[in-house]
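Single-structure report; data block below.
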Amino acid sequence: MQHISATSLEDLPSRISYLSAFLELTPSDGEALLAAKPLVAPLIPAILDAVYNTDYEGELVKNVHELTLEHPQIALRKDFLKNYLVKLVSTTDLTPTSPFWVYLNNVGIMHTGQPGFKHRAKRPELRVEYIHMGALLGHVVDIVVGAVMSMDVIDNDMKCKVIRALNKVIWIQNDLMARHYLAKSGEEVGEAVTPPLSDGESEGAKGGCPFSG
């Protein structure tokens, strides 16, 4: 049995390596997601509308109330979410050192209100509680899985491969969000601090965040 120390999991590539091994994430999962891109990409506008037609979306971000689907902030967030969905089925590298995981890790960091992102330097603190992050992530997955299952142009074997690959990646992303919200040993809940990112580590954030403006 392999021993995994808590300290080793603070390092992002080590954490991804552990999660990938446990979930049996392999290059074939990346190939399945990449093969699904031509089928999923045309569905993205409908997925975006479905997500932002939920009655409670306006509660996800503090001080955002009564925004219509035509509001510039909603349009901006839909654009971020579109980039995120495209990235999910476009990455060719799911290895532990991939910039893809840095991007997903940054999504978790930026919603805790931590500093360190240049694109938010002059904006108000962004804090979205973990329950809302998880709920939105689950909602997106449910829509994508439903869309894949309803496709007639791929067989059940391929549908299974795509959904299993998506499930693995999303559960890793869920961990990369939760790790920045959960208090570490000796810390009070809500006091966990993630150091600001360096310019190199911020690379994954340049595409914008799919969950906020």
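Values below: all heavy atoms of this structure, side chains included; hydrogens, waters and symmetry mates excluded. Throughout, residue positions are numbered sequentially from 1 according to the sequence presented.
Within 6.0 Å of NZ in Lys161 there are 12 or fewer heavy atoms belonging to other residues, nucleotides or ligands.
Using modelled atom types, one finds no donor on one side chain facing an acceptor on the other under 3.5 Å when comparing Ser5 with Thr7. Looking at Asn174 and Tyr130, their side chains do bring a donor and an acceptor atom within 3.5 Å of each other. Between Ser90 and Lys37, the side chains place a donor N or O and an acceptor N or O closer than 3.5 Å (distance only, hydrogens not considered). In summary, the side chains of Thr95 and Asp93 do present a donor paired with an acceptor at a separation below 3.5 Å, with no hydrogens or angles considered.
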Only distances under 3.5 Å count here; give the side-chain donor-acceptor pairs of residues 145-154 to other protein atoms, sequence neighbours excluded, each with its distance to 0.1 Å.
unit_1	atom_1	unit_2	atom_2	d
Ser150	OG	Gly146	O	3.3
Ser150	OG	Ala147	O	2.8

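Atom CD1 of residue Ile172 and atom CZ of residue Phe100 lie 9.0 Å apart, to the nearest 0.5 angstrom. In this structure, OH on Tyr181 lies 12.0 Å from CD1 on Ile131, to the nearest 0.5 angstrom. Annotation: the span from Ile170 atom CD1 to Met177 atom CE amounts to 8.5 Å, rounded to 0.5 Å. Once rounded to the nearest 0.5 Å, the distance linking CE of Met133 with OG1 of Thr112 reads 9.0 Å. Interatomic distance, CE of Met158 versus CD1 of Ile163, reported as 11.0 Å (0.5 Å rounding).
Leu9 is listed as a side-chain neighbour of Ile4, based on a closest heavy-atom distance under 4.5 Å. Side-chain contact between Asn105 and His180: present, with at least one pair of heavy atoms (C-beta onward) separated by less than 4.5 Å. Between Ile44 and Val86 there is a side-chain heavy-atom pair separated by less than 4.5 Å. Residues Leu12 and Val102 form a side-chain contact, since some pair of their non-hydrogen atoms from C-beta on lies under 4.5 Å apart. Using a 4.5 Å heavy-atom threshold, the side chains of Glu31 and Thr26 count as separate. No side-chain heavy atom of Leu176 sits less than 4.5 Å from a side-chain heavy atom of Val107. Between Tyr84 and Leu104 the shortest side-chain heavy-atom distance falls below 4.5 Å. Under the 4.5 Å side-chain criterion, counting only non-hydrogen atoms from C-beta, Val40 is not in contact with Leu85.
Geometrically, Lys87 engages Tyr103 in a cation-pi contact defined by less than 6.0 Å to the ring centre and at most 45° from the axis.
The backbone N or O of Ser17 lies less than 3.5 Å from no partner atom in the side chain of Ser20, so there is not a single donor-acceptor pair. Distance alone, capped at 3.5 Å, is enough to place a donor-acceptor pair between the Trp101 side chain and the Leu94 backbone.
Two different hydrophobic clusters hold Leu88 and Leu34 under the rule that ILVMFWY side chains link at heavy-atom gaps under 4.5 Å.
Residues Leu39 and Pro42 approach most closely at O-CD, 3.4 Å, considering heavy atoms. The two residues Pro13 and Thr97 have their closest heavy-atom pair at CB-CG2, 4.2 Å. Residues Pro45 and Ala41 approach most closely at CD-O, 4.0 Å, considering heavy atoms. Summarising the geometry of Ala32 relative to Ala165, their closest heavy-atom pair is CB-CB, 4.4 Å, with the distance given to 0.1 Å.
Residue pairs meeting the salt bridge (charged side-chain N to carboxylate O under 4.0 Å, His left out) criterion with at least one partner in residues 162-176, sequence neighbours excluded, are Arg15-Asp175, Asp29-Lys168.
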- Query: Would Asn106 and Ile109 satisfy side-chain contact (heavy atoms from CB on, under 4.5 Å), going step by step from the backbone distance to the final call?
  - Reply: CA-CA 5 Å; Asn106 287 350; Ile109 295 173; 4.1 Å; yes
